[in-house]
Chemist: 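Let me begin by handing over the structure; questions about it come next.
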2 protein chains.
Amino acid sequence: MRKLDKSAGKRGFGEPVLTRQRKVVLDVVQSGDTHPTAGEVFAAARKMMPAISFATVYNSLRYLKQAGLVREVAFGNGASRYDRETDRHDHAICSECGTLVDFDLPGTVELIRAAARASRFKAESIHLTLVGLCPQCRAPK
Amino acid sequence: MRKLDKSAGKRGFGEPVLTRQRKVVLDVVQSGDTHPTAGEVFAAARKMMPAISFATVYNSLRYLKQAGLVREVAFGNGASRYDRETDRHDHAICSECGTLVDFDLPGTVELIRAAARASRFKAESIHLTLVGLCPQCRAPK
DNA sequence: CTATAAATTTAGAATTAGTATAATTCTAAC
DNA sequence: GTTAGAATTATACTAATTCTAAATTTATAG
């Protein structure tokens, strides 16, 4: 009786696993500093696995999100973007060119506590987004 | 020669103004504590102005947003929601029931400064969203 | 007063994003 | 090899939002 392991390619009975397609989707999101949309993830995933379908990319992103492996970043415009989930971090969006970058804010443990207190919610996570001008756009050239 | 004033209903040459339709949309967003979607705003606006079109609601929301009178709140799921822009404040979303509430976090002036420093962006605004369990959902009843 | 110009509104088409469905495929357990 | 259950695929569908072109509105210029 073989023990179930969670490596890529194993499916079937029991708990859900990191399948080949999910692995591909995860690799796409984790490689590179971009924050791709689902459509961009699909295009990149196709290069590694031409048969993968659009629906699977969405399903995989949802799975990876709830598994805590990727994060969804949504702002009002267009499509959601996906970000590798390494450590807790924050986002800055350029109001001029739309660039999205990660940054780390110290003292977020205290921040999350303060936010929980102010909102009376039991905090699970906190997301901080700064809107402003990126270094490129703030320097008129 | 009459001087242009910016009261509702005046259009034409020169700068854009708060038209009647935009005023209706603004009123809808400002009345009530809900955070309506564009569709909900449309439904409510229709009661005040039956001829208003869907596109105008979207256009108005975009205008009001960039004018700083309403705020768009987007999370990954479904439609964007709109919030009156009174003072700077933050949002908490219940991961269980989807409730969205406003709350105020003290010390955000320093926070925005720290975020600008960490991101190297010129800050315009900062948005903090807490995901967690609302008071109702955290109390199993 | 009349003509003009610029922005806005309207209605509906078009686009985009994301979800649902049903059939098929895959893999581990037996 | 058969079976069971989850995952994948392809496609259809729904919902959200933007675009387009024509008509409207109204402040200014003539």
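Each chain gets a letter, A, B and so on, in the order its sequence line appears, and its residues count up from 1.
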Chemist: Rounded to the nearest angstrom, tell me the gap between atom CG in Leu61(A) and atom P in dA7(D).
Modeler: 15 Å

Chemist: Name all pairs fulfilling the salt bridge (charged side-chain N to carboxylate O under 4.0 Å, His left out) condition that reach into residues 45-65 of chain A, sequence neighbours left out, sorted by first residue then second.
Modeler: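 Residue pairs with at least one partner in residues 45-65 of chain A: Lys65(A)-Glu72(A).
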
Chemist: Cation-pi check for Tyr82(A) against Arg71(A): NZ or CZ below 6.0 Å from the six-membered ring centre and within 45 degrees of the axis, yes or no?
Modeler: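 So Arg71(A) doesn't make the cation-pi contact.
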
Chemist: Extract from the structure each pairing of a protein N or O with an N or O of nucleotides 15-18 of chain C at less than 3.5 Å, listing the distance.
Modeler:
unit_1  : atom_1 : unit_2   : atom_2 : d
dG18(C) : OP1    : Ser80(A) : N      : 3.3
dG18(C) : OP2    : Tyr58(A) : OH     : 2.7
dG18(C) : O5'    : Tyr58(A) : OH     : 3.4

Chemist: To the side chain of Gln21(A), which of dT9(D), dT9(C), dA11(C) is closest?
Modeler: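 My answer, after comparing the listed nucleotides, is dT9(D).
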
Chemist: Checking Asp83(B) now: which residues fulfil salt bridge (Lys or Arg N to Asp or Glu O under 4.0 Å) with it, not counting sequence neighbours?
Modeler: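 With sequence neighbours excluded, Asp83(B) shows a salt bridge (Lys or Arg N to Asp or Glu O under 4.0 Å) to no residue whatsoever.
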
Chemist: What pairs with Ser125(B) under side-chain hydrogen bond (donor to acceptor under 3.5 Å, both in side chains), at least two apart in sequence or on another chain?
Modeler: His127(B)

Chemist: Look at the side-chain N and O atoms of Ser53(A) and state whether any lies under 4.0 Å from the OP1 or OP2 oxygen of dT11(D).
Modeler: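 Checking Ser53(A) against dT11(D): no side-chain N or O falls below 4.0 Å of OP1 or OP2.
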
Chemist: Side-chain atoms of residues 24-31 of chain B: list all donor-acceptor pairs with protein atoms under 3.5 Å, sequence neighbours left out, distances to 0.1 Å.
Modeler:
unit_1   : atom_1 : unit_2   : atom_2 : d
Asp27(B) : OD1    : Lys23(B) : NZ     : 3.2
Asp27(B) : OD2    : Lys23(B) : NZ     : 3.4
Ser31(B) : OG     : Asp27(B) : O      : 3.1
Ser31(B) : OG     : Val28(B) : O      : 3.3

Chemist: Do the side-chain N or O atoms of Thr19(B) get closer than 4.0 angstrom to the phosphate oxygens (OP1, OP2) of dT9(C)?
Modeler: yes

Chemist: Quick check for you: among dT18(D), dT9(D), dA11(C), whose closest atom lies nearest to any side-chain atom of Arg62(B)?
Modeler: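 Given the options dT18(D), dT9(D), dA11(C), the side chain of Arg62(B) is closest to dT18(D).
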
Chemist: Would you mind reading off the distance between Arg46(B) atom CZ and dT10(C) atom P, rounded to a whole angstrom?
Modeler: 10 Å

Chemist: Closer than 4.0 Å, any side-chain N/O of Arg20(A) to the OP1 or OP2 of dT8(D)?
Modeler: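 So the side chain of Arg20(A) is outside the cut-off, no N or O lying under 4.0 Å from OP1 or OP2 of dT8(D).
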
Chemist: Give the rounded distance in Å between these two atoms: NZ of Lys65(B) and P of dT18(D).
Modeler: 8 Å

Chemist: Can you name the residues that form a salt bridge (Lys or Arg N to Asp or Glu O under 4.0 Å) with Arg117(B), not counting sequence neighbours?
Modeler: Glu110(B)

Chemist: What is the distance from NZ of Lys23(A) to C1' of dA7(D), rounded to the nearest Å?
Modeler: 18 Å

Chemist: Separation of Met49(A) atom CE from dT9(D) atom P, in whole Å?
Modeler: 7 Å

Chemist: Could you tell me how far apart Phe42(B) (CZ) and dA11(C) (C1') are, to the nearest whole angstrom?
Modeler: 11 Å

Chemist: When clusters are formed by joining ILVMFWY residues with side-chain heavy atoms under 4.5 Å apart, either directly or through shared neighbours, do Leu100(B) and Leu133(B) land in the same one?
Modeler: no

Chemist: Would you mind reading off the distance between Asn59(B) atom CG and dA11(C) atom C1', rounded to a whole angstrom?
Modeler: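 Result: 13 Å.
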
